[in-house]
Amino acid sequence: MKNNFIQRAITGTIFIAVLIGGIVSGPIPFTILFSLISALTIYEFGTIIGKSGEVQINKSITILAGIFLFIGFGYLGVAPGKNEILIPYLFLIIYLFVSELYLKKKNPVHNWAYAMMSQIYIALPFALLNVLAYHTSSDGSISEYNPILPLSIFIFNWVNDTGAYCTGMLFGKHRLFERISPKKSWEGSIGGGVFSIIAAIAMAHFFPFMSTATWIGLGLTVVIFGTWGDLTESLLKRTLGIKDSGNILPGHGGMLDRFDSTILAVPAAVVYLYIISLF
């Protein structure tokens with residue numbers, strides 16, 4: 001028990017340090033880090049859905065497509081309007097469909113479905129981190145890398161997870177979604193939300209490029225959709241009959257286990273900030 005706690009603590013500390021370091025160090029480390037994370041997460045997804053023997057997606061091409069999509073979105077952040085950067089990605093998607101005509105695999109329809117799921121469920125949310133990271137001037141002439149918004153998604157997720165765990169342990173009585181995750185409680189979720197609001201107020205104090213109300217709205221968006229992301233991955237694992245998505249992170253499971261909240265929180269954050277910008 002003690003050894004497992006120490007292992008989790010060490011892995012968690014390194015994980016957080018690498019994420020923060022990669023995000024704040026600049027656009028190149030950011031791109032390298034999340035291209036690698038996208039690749040590892042898609043590989044893990046392809047591995048777990050292939051365990052049934054009913055699905056055999058082309059992991060090499062789906063991984064390459066995920067990397068291209070992330071780099072493409074990053075390039076569009078630096079050079080808005082240069083949409084030709086996404087052409088290689090489109091070729092890879094076309095290849096995924098056409099190749100099934102010749103591979104004679106057991107269930108090509110399932111292969112198509114899960115290959116595209118790897119792009120929509122994993123690759124696209126990571127690629128959208130670039131939308132948060134690059135800020136373009138109103139006339140489109142200048143684009144700057146700002147690590148605060150992508151970093152804030154992870155901060156809110158970490159604060160929510162910690163707050164929900166502590167509050168749930170102390171006061172949790174009413175199950176949030178017992179069919180999918182028996183340990184989550186309404187009390188824990190509310191506690192995580194309260195802690196995230198406090199974190200949002202702190203973010204507004206140190207980074208006043210957005211109002212306090214906007215920061216709080218972003219924090220609550222991450223909390224709500226991050227919780228749904230967690231539950232979504234739990235449903236995926238229950239359906240596949242597995243406990244952890246992988247073991248790449250000792251004591252913490254796999255990449256999907258660590259980024260399940262992020263996968264839904266990032267697209268939701270992008271939509272939230274777009275809607276806010278309209279008013």
Side-chain angles (χ1 to χ4, degrees), residues 8-9 11-24 30 33-34 37-38 40-41 44 121-122 124-133 146-169 176-177 180-181 183-204 206-207 210 214-237 244-245 248-249 251-273:
R8 283 179 59 86
T11 303
T13 301
I14 295 172
F15 174 78
I16 291 173
V18 169
L19 272 182
I20 294 176
I23 293 171
V24 303
F30 172 78
L33 174 64
F34 282 100
I37 288 172
S38 298
L40 290 173
T41 310
E44 185 178 89
Y121 178 53
I122 298 170
L124 181 60
F126 282 127
L128 286 172
L129 282 169
N130 288 290
V131 177
L132 299 175
N146 186 338
I148 302 305
L149 280 179
L151 181 60
S152 72
I153 304 300
F154 294 100
I155 291 174
F156 287 134
N157 269 328
W158 295 332
V159 169
N160 177 48
D161 287 346
T162 303
Y165 176 79
C166 295
T167 309
M169 288 289 289
L176 177 67
F177 219 115
I180 303 299
S181 184
K183 293 182 180 180
K184 291 188 183 299
S185 67
W186 278 103
E187 292 82 359
S189 295
I190 293 169
V194 170
F195 276 88
S196 295
I197 289 173
I198 295 170
I201 294 171
M203 295 292 286
F206 290 105
F207 307 105
M210 295 196 309
T214 302
W215 272 114
I216 291 174
L218 178 61
L220 292 176
T221 298
V222 172
V223 166
I224 294 169
F225 285 88
T227 300
W228 276 333
D230 190 341
L231 291 169
T232 299
E233 197 242 357
S234 294
L235 177 60
L236 174 66
K237 290 191 294 185
D244 294 319
S245 64
I248 193 171
L249 300 169
H252 289 267
M255 301 298 288
L256 274 172
D257 294 322
R258 289 302 90 205
F259 290 101
D260 52 2
S261 299
T262 307
I263 283 171
L264 285 194
V266 171
V270 170
V271 172
Y272 165 77
L273 291 171

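Along the sequence shown, residues are numbered consecutively beginning with 1.
- For F207, the side-chain contact (heavy atoms from CB on, under 4.5 Å) partners are I148, M203, F209, W215, not counting sequence neighbours.
- Shown here for S189 and A164, the closest heavy-atom pair between the two residues is N-CB, 4.4 Å.
- Using a 4.5 Å heavy-atom cutoff, the side chains of V271 and F225 are not in contact.
- Remark: N157 CG to T162 OG1 distance equals 10.5 Å, nearest 0.5 Å.
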Could you give the side-chain donor-acceptor pairs of residues 259-269 under 3.5 Å, partners two or more places apart or in another chain?
unit_1 : atom_1 : unit_2 : atom_2 : d
S261   : OG     : G226   : O      : 3.2

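- The number of heavy-atom neighbours closer than 6.0 Å to CH2 of W186, taken from other residues, nucleotides and ligands shown, is 12 or below.
- Interatomic distance, CD of E44 versus CG of L256, reported as 5.0 Å (0.5 Å rounding).
- Here the straight-line distance linking atom OG of S234 with atom CD1 of I180 works out to 7.5 Å at 0.5 Å rounding.
- The shortest distance between side-chain heavy atoms of F154 and I16 does not fall below 4.5 Å.
- Annotation: side chain to side chain donor-acceptor pair (under 3.5 Å) contacts involving residues 218-232, sequence neighbours excluded, comprise K184-D230.
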### Task
Carefully, step by step, assess L132 and I153 under the rule side chain to side chain contact (heavy atoms under 4.5 Å, CB included).
CA-CA 10 Å; L132 299 175; I153 304 300; 3.7 Å; yes

### Task
Could you walk me through whether F156 and V223 pass side chain to side chain contact (heavy atoms under 4.5 Å, CB included), step by step?
CA-CA 7 Å; F156 287 134; V223 166; 5.6 Å; no

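- For the pair I190/T167, no side-chain contact is recorded, criterion being any heavy-atom separation below 4.5 Å from C-beta on.
- No more than 12 heavy atoms of other residues, nucleotides or ligands sit less than 6.0 Å from atom CZ of F195.
- Taking CZ of R258 as the start and OG1 of T11 as the end, the distance is 10.0 Å to the nearest 0.5 Å.
- Between the N130 side chain and the A127 main chain, a donor and an acceptor come within less than 3.5 Å of each other.
- Side-chain contact check for I37 versus L19: some heavy-atom pair is nearer than 4.5 Å.
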### Task
Would you check, one step at a time, whether the test side chain to side chain contact (heavy atoms under 4.5 Å, CB included) holds for M210 with L149?
CA-CA 10 Å; M210 295 196 309; L149 280 179; 3.8 Å; yes

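- Taking both residues in full, the closest heavy atoms of S245 and K237 are given as N-CD, 3.9 Å, listed atom of the first, atom of the second, then distance.
- Expressed to the nearest 0.5 Å, how far CG of N160 lies from CD1 of I197 amounts to 10.5 Å.
- More than 12 heavy atoms of other shown residues, nucleotides or ligands fall within 6.0 angstrom of atom OH in Y272.
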### Task
Kindly indicate, with the supporting measurements, whether the criterion side chain to side chain contact (heavy atoms under 4.5 Å, CB included) is fulfilled by V222 and S196.
CA-CA 9 Å; V222 172; S196 295; over 6 Å; no

